[in-house]
Structures are given as structure tokens and as C-alpha cells.
Amino acid sequence: TRSLRTRTVASVLVVLTGLLLVLGVTVDAALGSRLRGEIEQRLQDRVETAQALSGSVDDSVLVDRLSGQGVSAFLRSSDGTAYTSGPSPEKIPGEPGPPPGGKGRPAPRPPEPTAASGRVTQTGSVLTLDATLSDGAVVRVAADSSQVEATLAQLRTVLVVASLVALLLAAAVLLVVVRRSLSPLDD
């Protein structure tokens, strides 16, 4: 009966391990998708704001309104003047960073759109969205998704540790329960 107890405990632990693995992968995928979706939605909202305000506010004011909450903004006006704003705008892919001489000077190399307007693209950990505004200006908004990856890595660590603790507790409880349940077979 000792081998029966061992097999029973091992079988239950294998099933629990499988269930915890499926749960962990599902939570990781769902949360990762949700967090990335929120960043993409934030970028979409900024482009919609730019389209709504285009022509009614100065370009420098517009680019300042688009940045914030981890979003960097770059705007090239129809006359070629470039404006940047937000956390580390120099990391916006395909964009030269703040032009020499400061804000409001012509950019030496304007950005080329990375995708059709309305489609978020990813370069490394940076998500970008481009749009052409009604006044002919091109706007690019970008956000770094590395915090999402850091959050997911932290979640994975917590899930692994919690799962190991749960499996150890389950093994201890199972040993006692199975021993008592199978004790009539010992007689």
C-alpha cells in the first residue's frame, strides 16, 4: 500500500501542477494583452485628440497636449517645422529627436510614417502610431512598453513562488489524507 499512497499523491500533484501551469499561462497572456491594449488605446486617443485640435491650436501647444502619461509626441508641421514633447522623445523610432537649436526649428530629417494611420507598430519596446492631420501635419505618438514586460516578469515570479508553496502544502496535506484514507488496506 506504500506504493499506492505514493502513486496517488504523485498523480494528484501532477494534475495540480498542470492546472497551476495552465492558470499561470492564461493569467500572463490575458494581463499582457490587456496592458498592451491600454497603451495602444492611449496612443489612439492621442491621435484622435491631435485630429480634433489640428488647426485650432498652435502646433507647439498641440504637441505638448499630446504628451504625458508615458507618451512622447512628435509633430512635423506642413511647413517642415518639428516639435517634440514628452518623456524621452528622442527614442521615438524614425524621428531625429529635438532639432538642433531647440523646439520649433526645421528638422534635418522628418520622420517617415511607420505604418498606415490607425495602426500601432512596435520597434523593440516602443509602440508608435502615426497620423496625417487635416492641416497636412504629421504626428507620431510613442510609448515605451518595457514597464508592461517588467510587470509581467514580476507577476511570473509571484505565480511561480505561490505555485511552489501551494504544491508543497498540497503534498503535505495529501500525504496525511491519503495515509488515513488507505489505512483500512493496511489491515
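The figures that follow rest on heavy atoms only: side chains count, while hydrogens, waters and symmetry mates do not. The first residue in the sequence is number 1, and the count goes up from there.
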How long is the straight-line distance from [atom2] of [Y] back to [atom1] of [X], given to the nearest 0.5 Å?
{"X": "Leu182", "Y": "Leu4", "atom1": "CG", "atom2": "CG", "result": "5.0 Å"}
{"X": "Leu169", "Y": "Leu164", "atom1": "CG", "atom2": "CG", "result": "11.0 Å"}
{"X": "Leu43", "Y": "Asp130", "atom1": "CG", "atom2": "CG", "result": "10.5 Å"}
{"X": "Leu35", "Y": "Thr151", "atom1": "CG", "atom2": "OG1", "result": "6.5 Å"}
{"X": "Ser56", "Y": "Asp135", "atom1": "OG", "atom2": "CG", "result": "9.5 Å"}
{"X": "Gln44", "Y": "Thr49", "atom1": "CD", "atom2": "OG1", "result": "11.0 Å"}

Discussion item. The test is side chain to side chain contact (heavy atoms under 4.5 Å, CB included); show your working for Leu168 and Val165 and say whether it passes.
Written reply: CA-CA 5 Å; Leu168 289 173; Val165 169; 5.7 Å; no
Item to complete: Spell out, yes or no, whether Leu175 and Val178 are grouped together once hydrophobic residues are joined by side-chain heavy atoms under 4.5 Å, including indirect joins.
Response: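 Same cluster: Leu175 reaches Val178 through Ile, Leu, Val, Met, Phe, Trp or Tyr contacts under 4.5 Å.
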Discussion item. Do Leu23 and Leu152 sit in one hydrophobic cluster, given that two such residues count as connected whenever their side-chain heavy atoms are within less than 4.5 Å of each other, even indirectly?
Written reply: yes
Taking all atoms of both residues into account, what is the closest heavy-atom pair of [X] and [Y], and its distance?
{"X": "Ala73", "Y": "Leu66", "result": "CB-CB, 3.7 Å"}
{"X": "Leu129", "Y": "Val120", "result": "CD1-N, 4.0 Å"}
{"X": "Ile39", "Y": "Ala143", "result": "CG2-CB, 3.7 Å"}
{"X": "Leu62", "Y": "Ala50", "result": "CD1-CA, 3.8 Å"}

Worksheet entry | Connected-component partners of Val15 among ILVMFWY, side-chain separation under 4.5 Å | Leu19
Is there side-chain contact between [X] and [Y], with heavy atoms separated by less than 4.5 Å?
{"X": "Ser125", "Y": "Asp144", "result": "yes"}
{"X": "Leu20", "Y": "Thr17", "result": "no"}
{"X": "Asp59", "Y": "Val63", "result": "no"}

Between [X] and [Y], is any side-chain donor less than 3.5 angstrom from a side-chain acceptor?
{"X": "Arg46", "Y": "Gln69", "value": "yes"}
{"X": "Thr128", "Y": "Thr121", "value": "yes"}
{"X": "Asp64", "Y": "Ser85", "value": "yes"}

Discussion item. Quick one, Gln51 with Ser134, criterion side chain to side chain contact (heavy atoms under 4.5 Å, CB included). Give me CA distance, side-chain angles, the key distance, then yes/no.
Written reply: CA-CA 7 Å; Gln51 290 170 338; Ser134 60; over 6 Å; no
Fill in: Residue of the set Val14, Leu16, Val9 for which side chain to side chain contact (heavy atoms under 4.5 Å, CB included) holds with Val12
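Option passing the side chain to side chain contact (heavy atoms under 4.5 Å, CB included) with Val12: Leu16.
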When you measure from the side chain of [X] to the backbone N and O of [Y], does any donor-acceptor pair fall under 3.5 Å?
{"X": "Ser77", "Y": "Thr81", "result": "yes"}
{"X": "Glu38", "Y": "Glu40", "result": "no"}
{"X": "Ser163", "Y": "Leu159", "result": "yes"}

Worksheet item: Can you list the steps and then say if Asp45 with Glu48 is a side chain to side chain contact (heavy atoms under 4.5 Å, CB included)?
Response: CA-CA 5 Å; Asp45 291 345; Glu48 289 173 11; 4.2 Å; yes
Worksheet item: Do Val138 and Leu75 pass the side chain to side chain contact (heavy atoms under 4.5 Å, CB included) test, and can you show the C-alpha distance, the side-chain angles, and the key distance before you say yes or no?
Response: CA-CA 6 Å; Val138 176; Leu75 184 130; over 6 Å; no
Item to complete: Could you note down all residue pairs passing salt bridge (Lys or Arg N to Asp or Glu O under 4.0 Å) where residues 145-154 supplies at least one of them, sequence neighbours left out?
Response: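 Matches after skipping sequence neighbours: Arg36-Glu149.
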